[in-house]
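For reference, the structure is listed below as structure tokens.
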Amino acid sequence: MPELNLVLLGPPGAGKGTQAERLVEDFGLRYIATGNMLREAVREGTELGRRAKEFMDRGDLVPDELIIAMIKECLQAPDATRGFILDGFPRTEKQAEALDHELHEMGRRLAAALLIDVSEEEVVRRLSGRRVCVKGQHNFHVDLDPPKHADRCDVDGSRLVVRDDDKPEVVERRLAQYREKTAPLIGYYEQQGILRRVDGSRSADAVHDQIRAILASLRLESELPADEPAERAGGHADG
Ligand SMILES: [Zn+2]
């Protein structure tokens, strides 16, 4: 069975983390969320973590080479042999090229780039309605998952607030960043023939079903004998 190496693309609020969790369960993939990975490496004080921390402490972006070195470490772990899901990287075309290069060196390649497509209006509606409690970090949404009492956590009764990340001006900045730097990756992977679009405006269950159908068809494609492509098998008389 070939490796299922995936990149997840989509604007903030598209539900990438939720879908990744489910795919990890379905297929036993290694989930590499670069944001979490960086924080973990820093907390554990690994060599790469210490180097990354120097940049973070100065308020600088962690250089691509360092992030790629961390990803490589993850990929060499035994739990990544069936494949992986990358979330949060690559964010730019330059990073995508660097990733391709590293994978090639390791004799691996991406099976698909899954784009969870959601309109900006929907992103704003989802993120601006999110509330988190100050005590236990429990999540709510004013429309989609409202608390029983306005502005109070159902679990511990503490106050509900808007996360800094979800404030309108921050959401607008994250969307602008996505539009400018990450959206071009769609064309990059389209050209490679590995982009797969998923309708992210639907429920998490429906999105999950669509992704599973896409991955099933990928596996069928990869299992076709190399010397007998599907087009030719269908009645092209050679002799
Ligand atoms: Zn709470």
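Only this structure's heavy atoms are used, side chains among them; waters, hydrogens and symmetry mates stay out. All ligand and atom numbering here is 1-based and tracks the order in the structure.
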What pairs meet the salt bridge (charged side-chain N to carboxylate O under 4.0 Å, His left out) rule with one or both residues in residues 34-48, with sequence neighbours excluded?
E47-R50

Going by the side chain to side chain contact (heavy atoms under 4.5 Å, CB included) test, name the single residue among I85, V7, L86 that passes it with I32.
L86

Is the distance from the Zn ion (ligand 1) to some N, O or S atom of D156 under 2.8 Å?
yes

Indicate yes or no: does R126 engage D166 in a salt bridge with an N to O separation below 4.0 Å.
no

Output the atom name for the N/O/S atom of H138 with the smallest distance to the Zn ion (ligand 1).
ND1

Quick one: do the S158 and D156 side chains pair a donor with an acceptor below 3.5 Å?
yes

When you draw lines from the Zn ion (ligand 1) to SG of C133 and to SG of C153, what angle lies between them, to the nearest 10°?
120°

